[in-house]
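Position 1 is the first residue of the sequence, and the numbers go up from there. What you see below is based on every heavy atom in this structure, not just the backbone, and it leaves out hydrogens, waters and symmetry mates.
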Amino acid sequence: MKDSRVVSAISHWAPRFVSNGVILADFEEVTASIERWEDWCAAWSARAKLHEDLGRESLRDGHRLSAGEHLVRAAMYYHFAKFVFVQDPLQMRAAHRKAVDCYTDALPLMRPPGERVVIGPYVGVLRKPNAGLRCPVLIMAPGLDSTKEELHAYEEPFLARGIATLAIDGPGQGEAEYEVPICGDYERAATAVVEWIEKRSELDAKRIAIWGVSLGGYYAPRAAAFEKRLRACIALSGPFDWAEIWEALPELTRDTFRVRSHSNDASQAKQRASELTLRDCSKQIACPLFIVAGRQDRLVPAAHAERLAKSASGPVELLMVEDGGHNANNRPYRYRSRSADWLAAQFALPRL
């Protein structure tokens, strides 16, 4: 029998893997080969190496577009090798390093290309759809166990509509997770990013929005409540109050929060979870807000999205995907294009 943690990972995250760049056959083959959770990281890293080798070979042969595609996929597989593998820090960090390296090497090969940027303690990837043209920008906040690299597929519809994307590893995320713990007041990180954007002449600082997925779906509206230079906000399946659902979260998720909040034990992690709440600030969200939730979400109940929609003071659109799971990853076609169209309208961009 498979380890219960392996079963949980497959059950909760299969749609997420596939909708964000993992080939279905790879997912089925790799997960079928894993009996013990201790083997998860090595198995996914081995399959990632296959895609990385294809990318390096394509690059040597001068096929830059193919190389970029392979290396992005390799980065995704290395990321999913490490994403909640917190019980073995050495393996986790080795896989993480490979994910970052593959994605960084792919940046100049992407269409449009990406730029690695450093903003204080945070590292991000900036992609601009129109070189030489000043464009609006979307700050993108990952979730508890995602990173800037995993947001690649989420970026595409916004880039296609003329919006630059800036995916950021914030507190407790990606390259920042080892030094900067998860924090409830994410607006501090958002303000630092907004101030950085204001110094970039090719980005339109009058048209900045923020987007967040899963726990990032808490970070984004939290930032919008306090950072008034954000003109719009998109929140995907974020908790209204993290502590309210703490006991119902999968063991892997709670353990990951413990590590990335730099908590000493489960008790301290639960206490720090109580700091992630929109109870006292959601009414301060005045900018246009687009909320996406899956009615069948087993991680963050849909009621949290409905609560946010009712409590924000600005204009709100709630897209409830009735047959959607967490982040509606099983139905990405229901909201990814639509949310990009919504943001393009907020920025007064032409319909395409």
Side-chain angles (χ1 to χ4, degrees), residues 8-20 84 140-146 150-151 153-154 157 184 186 210-225 232-254 256-257 270 273-285 287-343:
S8 177
I10 295 170
S11 171
H12 282 98
W13 290 302
R16 169 182 169 182
F17 279 45
V18 174
S19 66
N20 288 339
V84 290
M140 304 188 77
L144 169 63
D145 50 48
S146 55
E150 191 188 339
L151 303 188
Y154 288 111
Y186 187 86
I210 191 166
W211 171 105
V213 60
S214 193
L215 196 54
Y218 158 79
Y219 293 140
R222 171 79 193 202
C233 176
I234 299 173
L236 309 183
S237 293
F240 190 87
D241 189 291
W242 188 231
E244 286 183 4
I245 59 174
W246 178 257
E247 298 298 340
L249 293 170
E251 175 189 352
L252 288 170
T253 299
R254 282 184 277 121
T256 299
F257 183 87
K270 183 176 181 179
S274 67
E275 299 171 5
L276 278 68
T277 180
L278 296 170
R279 284 196 308 265
D280 299 325
C281 66
S282 59
K283 60 182 177 298
Q284 296 172 225
I285 303 172
C287 69
L289 175 62
F290 189 93
I291 305 169
V292 178
R295 181 69 72 187
Q296 310 306 318
D297 193 333
R298 292 179 292 152
L299 290 172
V300 180
H304 283 242
E306 294 170 330
R307 191 171 168 188
L308 174 59
K310 290 176 181 177
S311 60
S313 63
V316 176
E317 181 171 341
L318 171 60
L319 173 57
M320 185 63 69
V321 182
E322 294 296 333
D323 54 353
H326 190 52
N327 304 322
N329 279 325
N330 60 326
R331 300 289 186 268
Y333 49 84
R334 294 280 180 86
Y335 73 89
R336 290 192 181 181
S337 296
R338 183 167 164 184
S339 61
D341 287 338
W342 177 88
L343 185 58

**Q** Between the main-chain N or O of P142 and the side-chain N or O of S146, is there a donor-acceptor pair closer than 3.5 Å?
**A**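 Looks like no, no N/O pair under 3.5 Å.
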**Q** Is the backbone of S11 close enough, under 3.5 Å, to the side chain of R298 for a donor and an acceptor to pair up by distance?
**A**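 Answer holds: yes.
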**Q** What's the shortest heavy-atom distance between A235 and P221, and which atoms?
**A** CB-CD, 4.0 Å
**Q** Might you point out which heavy atoms bring E150 and D145 nearest each other, and give the distance in Å?
**A** OE1-O, 4.4 Å
**Q** Would you name the heavy atoms of H326 and S237 that are closest together and state the gap between them?
**A** CE1-O, 3.6 Å
**Q** Report the C-alpha separation of D323 and R331 in whole Å, then their side-chain angles, then the decisive distance to 0.1 Å, and conclude whether the side-chain contact (heavy atoms from CB on, under 4.5 Å) test is met.
**A** CA-CA 8 Å; D323 54 353; R331 300 289 186 268; 3.0 Å; yes
**Q** How far apart are the C-alpha atoms of L308 and L278, what are their side-chain angles, what is the distance that settles it, and do they pass the side-chain contact (heavy atoms from CB on, under 4.5 Å) test?
**A** CA-CA 8 Å; L308 174 59; L278 296 170; 4.0 Å; yes
**Q** Between F290 and W211 (judged by ring centroids, cut-off 6.0 Å), do the two rings come close enough to count as a pair?
**A**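 No, ring centres 6.0 Å or more apart.
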**Q** Restricting to ring-ring contact (aromatic ring centres under 6.0 Å, His included), what partner residues turn up for F240, sequence neighbours left out?
**A** none
**Q** Can you see which heavy atom on G238 is nearest to which on V300, and at what distance?
**A** O-CG1, 3.7 Å
**Q** Give the ring-plane orientation class for Y219 versus Y186, where under 30° counts as parallel, over 60° as perpendicular and anything between as tilted.
**A** parallel
**Q** Ignoring hydrogens and angles, tell me if any N or O in the side chain of Y335 forms a donor-acceptor pair with the backbone of M320 under 3.5 Å.
**A** no
**Q** Could you tell me whether the side chain of D297 and the main chain of L299 form a donor-acceptor pair under 3.5 Å?
**A**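 It does hold such a pair.
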**Q** Go through R254 and K270 one step at a time and tell me if the side-chain contact (heavy atoms from CB on, under 4.5 Å) criterion holds.
**A** CA-CA 9 Å; R254 282 184 277 121; K270 183 176 181 179; over 6 Å; no
**Q** Under 3.5 Å, is there a donor-acceptor pair linking the side chains of R222 and T277?
**A**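 Distance-only check fails for R222 and T277.
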**Q** Looking only at non-hydrogen atoms, find the nearest pair between A220 and I210 and report the distance.
**A** O-CG2, 3.7 Å
**Q** Before you tell me yes or no, could you show the steps for V213 and L151 under side-chain contact (heavy atoms from CB on, under 4.5 Å), namely the whole-Å CA-CA distance, both residues' side-chain angles and the distance that decides it to 0.1 Å?
**A** CA-CA 9 Å; V213 60; L151 303 188; 4.1 Å; yes
**Q** Is there a donor-acceptor pair closer than 3.5 Å between any side-chain N or O of S313 and the backbone N or O of I285?
**A** yes
**Q** Would you say that more than 12 heavy atoms from the other residues, nucleotides or ligands in this model lie under 6.0 Å from the CD of E317, or not?
**A**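 It does: E317 CD has more than 12 such atoms within range.
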**Q** Looking at every heavy atom in both A9 and L252, which two are closest together, and how far apart are they?
**A** CB-CD1, 4.3 Å
**Q** Is a side-chain donor or acceptor of Q296 paired with a backbone partner of E322 at a separation under 3.5 angstrom?
**A** yes
